[in-house]
Number of protein chains: 2
Amino acid sequence: MTILIADDEERDRSWIKELLEKNLPEQAPFHEVADGQQAVETVLKIKPKLVFLDIKMPALSGIKAAEQILQSIPNTGIIILSNFSDEVYVRQLWKVVPADGVFGYVLKSASNEQVIEAAKAVLGGDCWIHPGISRVIQRTQNRATSLTPAEFEALACIALGLTDSAIARRLYLTEKAVQSRLKSLYSKMAIQGRSEQGDTEHNQRCRAVYMAYKRGLINQSELDEWESRFLENKAGSES
Amino acid sequence: MTILIADDEERDRSWIKELLEKNLPEQAPFHEVADGQQAVETVLKIKPKLVFLDIKMPALSGIKAAEQILQSIPNTGIIILSNFSDEVYVRQLWKVVPADGVFGYVLKSASNEQVIEAAKAVLGGDCWIHPGISRVIQRTQNRATSLTPAEFEALACIALGLTDSAIARRLYLTEKAVQSRLKSLYSKMAIQGRSEQGDTEHNQRCRAVYMAYKRGLINQSELDEWESRFLENKAGSES
DNA sequence: GTGTTTTCTGGGAAAAACCCTAGAGCAGAC
DNA sequence: GTCTGCTCTAGGGTTTTTCCCAGAAAACAC
């Protein structure tokens with residue numbers, strides 16, 4: 001009957017810990033770790049009933065840590081702590097968490113009451129989703145606006161600043177296939193092209209990137225990962 | 001002999017306040033406000049020796065609040081609190097702070113010691129710049145890499161997803177002028193074009209946006225401001 | 001004043017991005 | 001089995017962006 005807090009920032013760890021000590025003293029003791037790798041190891045050792053996981057952590061992200069934890073001990077309660085309501089994380093989380101899984105998603109801008117509420121909910125077997133991201137959740141489940149893996153891949157590539165032909169080389173596609181992906185991407189993101197009547201205000205490519213940032217479909221750290229993935233592939237194939 | 005803390009997040013305010021109470025009790029009392037407008041008003045009333053200003057605040061940003069404060073009471077010590085090492089804020093701050101001004105720039109990932117160190121430095125008449133952004137500061141002062149206002153304006157426009165012609169309309173320029181701005185922007189950001197030998201990997205337009213996000217030259221909230229500025233102009237001219 | 005930087009101008013050519021239509025393979029759902 | 005949705009393919013078009021050249025007006029510092 002313990003709780004684990006995994007966050008790389010001391011400030012946030014003590015924030016959560018103090019809240020738990022004041023409001024849920026019966027759940028003590030509270031353990032703390034500073035990265036995802038340690039989180040997984042500690043969970044296997046102490047088997048806590050509830051784990052707070054920050055998303056942005058060194059060594060292993062909160063999402064990946066959650067995946068490993070749920071594979072080993074499926075009935076562990078997970079509460080994701082995130083700075084932003086980024087759609088990309090919701091997408092990833094949805095794949096990792098079983099359909100009937102118990103979890104919470106709390107933004108760091110949450111009030112103290114909300115954190116406690118979420119903790120109680122998950123301990124009691126319910127889900128708790130931060131109000132600010134219910135809209136996002138809806139979008140990830142709406143057929144008309146949610147992106148397929150191929151479209152998402154294309155989005156990441158243009159956000160990195162690659163040309164069509166460079167994308168084609170990297171993903172082993174023809175240039176036409178890339179353009180086909182982009183076309184459906186643009187239409188799903190409701191970006192009007194030059195053919196449509198009205199103002200041809202937008203460069204679709206850049207506009208799609210802008211909207212994607214705005215919706216939290218992509219962000220800096222995710223793009224960095226994509227880029228390093230490409231660099232590895234390149235180094236491997238050229239040697 | 002008081003200190004003012006302006007931050008919209010309760011958690012961060014109490015973080016700073018507790019630090020000050022423990023380490024600089026002789027500077028008490030410590031006042032708190034939750035937005036930039038209140039910060040300016042309170043400064044005029046209580047004339048604190050030191051003000052902590054969060055950048056992202058409702059009503060008035062920390063930068064703009066600093067500007068107003070320094071105009072009224074120039075010898076007020078300012079410590080900027082920021083979540084990120086965004087170059088755009090450093091650029092703005094540099095314009096606002098007098099050359100011999102006393103100020104600090106602290107990232108929110110700073111350790112407790114660093115915050116105290118910064119507070120003591122500014123109270124003692126020195127500047128304190130977070131180690132993580134000294135690189136950024138250098139860049140903003142290097143001729144070869146720092147952007148001119150015109151280039152910056154163009155950058156913001158392409159980041160919003162506008163076409164060349166749309167930019168020309170909005171800024172009352174010819175399309176050629178816009179392209180000229182973009183050309184110098186690309187070269188300053190060291191983005192190789194298609195003419196250069198080697199692989200033509202990159203779509204310069206999108207690549208520039210990516211690098212700009214990465215360097216913190218632009219970010220979501222700044223772009224939102226640019227966009228709303230355009231919307232106002234448009235509404236005004238069309239009526 | 002001079003010199004430097006910044007910005008805008010022009011034309012013409014090449015490359016990349018976008019538009020349209022249409023079909024075919026392949027998975028998974030029912 | 002059929003149906004649907006996703007993906008890749010193909011050809012041939014248009015528009016936008018980028019590239020090259022060079023010169024001139026404007027702003028600023030010294």
Side-chain angles (χ1 to χ4, degrees), chain A residues 99 141-155 157-210, chain B residues 95 99 141-155 157-209:
Chain A
Q141 294 185 317
N142 178 340
R143 191 72 42 74
T145 54
S146 87
L147 303 185
T148 65
E151 286 155 358
F152 195 79
E153 202 173 30
L155 171 61
C157 287
I158 62 171
L160 286 172
L162 299 174
T163 61
D164 288 2
S165 73
I167 299 171
R169 278 198 299 278
R170 278 177 169 61
L171 302 181
Y172 307 102
L173 298 169
T174 59
E175 219 169 307
K176 283 290 181 187
V178 173
Q179 293 178 343
S180 161
R181 287 185 174 192
L182 288 177
K183 194 192 160 187
S184 57
L185 172 69
Y186 297 151
S187 76
K188 276 207 186 155
M189 300 194 77
I191 295 164
Q192 85 240 47
R194 33 199 189 212
S195 67
E196 263 112 318
Q197 68 205 41
D199 35 5
T200 56
E201 294 274 77
H202 294 132
N203 172 324
Q204 293 181 285
R205 202 184 190 77
C206 288
R207 187 65 178 175
V209 174
Y210 171 69
Chain B
K95 286 185 200 158
Q141 294 185 317
N142 178 341
R143 187 76 41 72
T145 54
S146 87
L147 303 184
T148 65
E151 286 155 358
F152 195 80
E153 203 172 28
L155 171 61
C157 287
I158 61 171
L160 286 173
L162 299 175
T163 61
D164 287 5
S165 73
I167 300 171
R169 279 199 298 277
R170 276 176 172 62
L171 301 181
Y172 306 102
L173 298 168
T174 58
E175 221 168 303
K176 279 290 182 189
V178 174
Q179 293 175 344
S180 163
R181 287 184 174 192
L182 288 177
K183 194 192 161 187
S184 57
L185 172 69
Y186 298 151
S187 77
K188 275 203 186 157
M189 300 193 77
I191 295 165
Q192 84 238 45
R194 33 198 187 215
S195 64
E196 264 114 315
Q197 68 204 48
D199 34 5
T200 58
E201 294 275 79
H202 293 134
N203 172 323
Q204 294 182 285
R205 190 176 269 256
C206 288
R207 186 66 177 174
V209 174

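The figures here come from the full heavy-atom set of this structure, side chains too, leaving out hydrogens, waters and symmetry mates.
With rounding to whole Å, A:E201 atom CD is found 12 Å from D:dT16 atom P. Atom pair A:Y186:OH and C:dC18:C1' shows a separation of 8 Å (rounding to whole Å applied). With rounding to whole Å, A:L182 atom CG is found 11 Å from C:dC19 atom P. If you take CG of B:L185 and P of C:dT6, they are 13 Å apart, rounded to a whole angstrom. Atom CD1 of B:I158 is separated from atom P of C:dA17 by 14 Å (rounded to the nearest Å). When rounded to the nearest whole Å, the span between CG of B:D164 and P of D:dT15 equals 16 Å. B:E175 places its CD atom 15 Å from the C1' atom of D:dC19, with the value rounded to the nearest Å. Counting to the nearest Å, the C1' atom of D:dC19 and the CZ atom of B:R205 are 15 Å from each other.
Across C:dC8, D:dT7, D:dT17, the shortest atom-to-atom separation from the side chain of A:A150 is found for D:dT7. Of the candidate nucleotides C:dT7, C:dC18, D:dT18, C:dT7 has the atom lying nearest to any side-chain atom of B:T148.
With DNA chain D read from its 5' end, the first of the two nearest nucleotides for B:C206 and A:P149 is the one closest to A:P149. Checking A:Q179 against B:Q179, the closest nucleotide of DNA chain C that is more toward the 5' end is the one next to B:Q179. Looking at which nucleotide of DNA chain D each of A:R181 and A:K176 is closest to, the 5′-most match is held by A:R181.
Between B:R170 and A:E201, at least one side-chain nitrogen of the basic residue sits less than 4.0 Å from a carboxylate oxygen of the acidic one, meeting the salt-bridge criterion.
Within the nucleic acid shown, B:T174 comes within 4.0 Å of sugar-phosphate atoms alone, with no base atom in reach, counting heavy atoms only. Base engagement by A:A177 is indicated by at least one non-hydrogen atom pair under 4.0 Å involving a base atom. Nucleic acid contact for B:T163: sugar-phosphate only, since backbone atoms but no base atoms lie under 4.0 Å from a heavy atom of the residue. Across all strands shown, B:S180 has heavy atoms under 4.0 Å from base atoms, whether or not it also approaches the sugar-phosphate. Nucleic acid contact class of B:K183 (heavy atoms, under 4.0 Å, all strands): none.
You'll find the side chain of A:Q204 stays beyond 4.5 Å of the side chain of A:M189, heavy atoms only. Taking 4.5 Å as the limit, some side-chain heavy atom of B:R181 sits within range of a side-chain heavy atom of B:L171.
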Is there a side-chain contact (heavy atoms from CB on, under 4.5 Å) between B:C206 and B:N203? Walk through the geometry before answering. CA-CA 6 Å; B:C206 288; B:N203 172 323; 4.1 Å; yes

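Put simply, the side chain of B:R205 never gets that close to the backbone of B:I158: no donor and acceptor are under 3.5 Å apart.
The shortest distance between the side-chain N/O atoms of A:N203 and the OP1/OP2 oxygens of D:dT16 is not below 4.0 Å.
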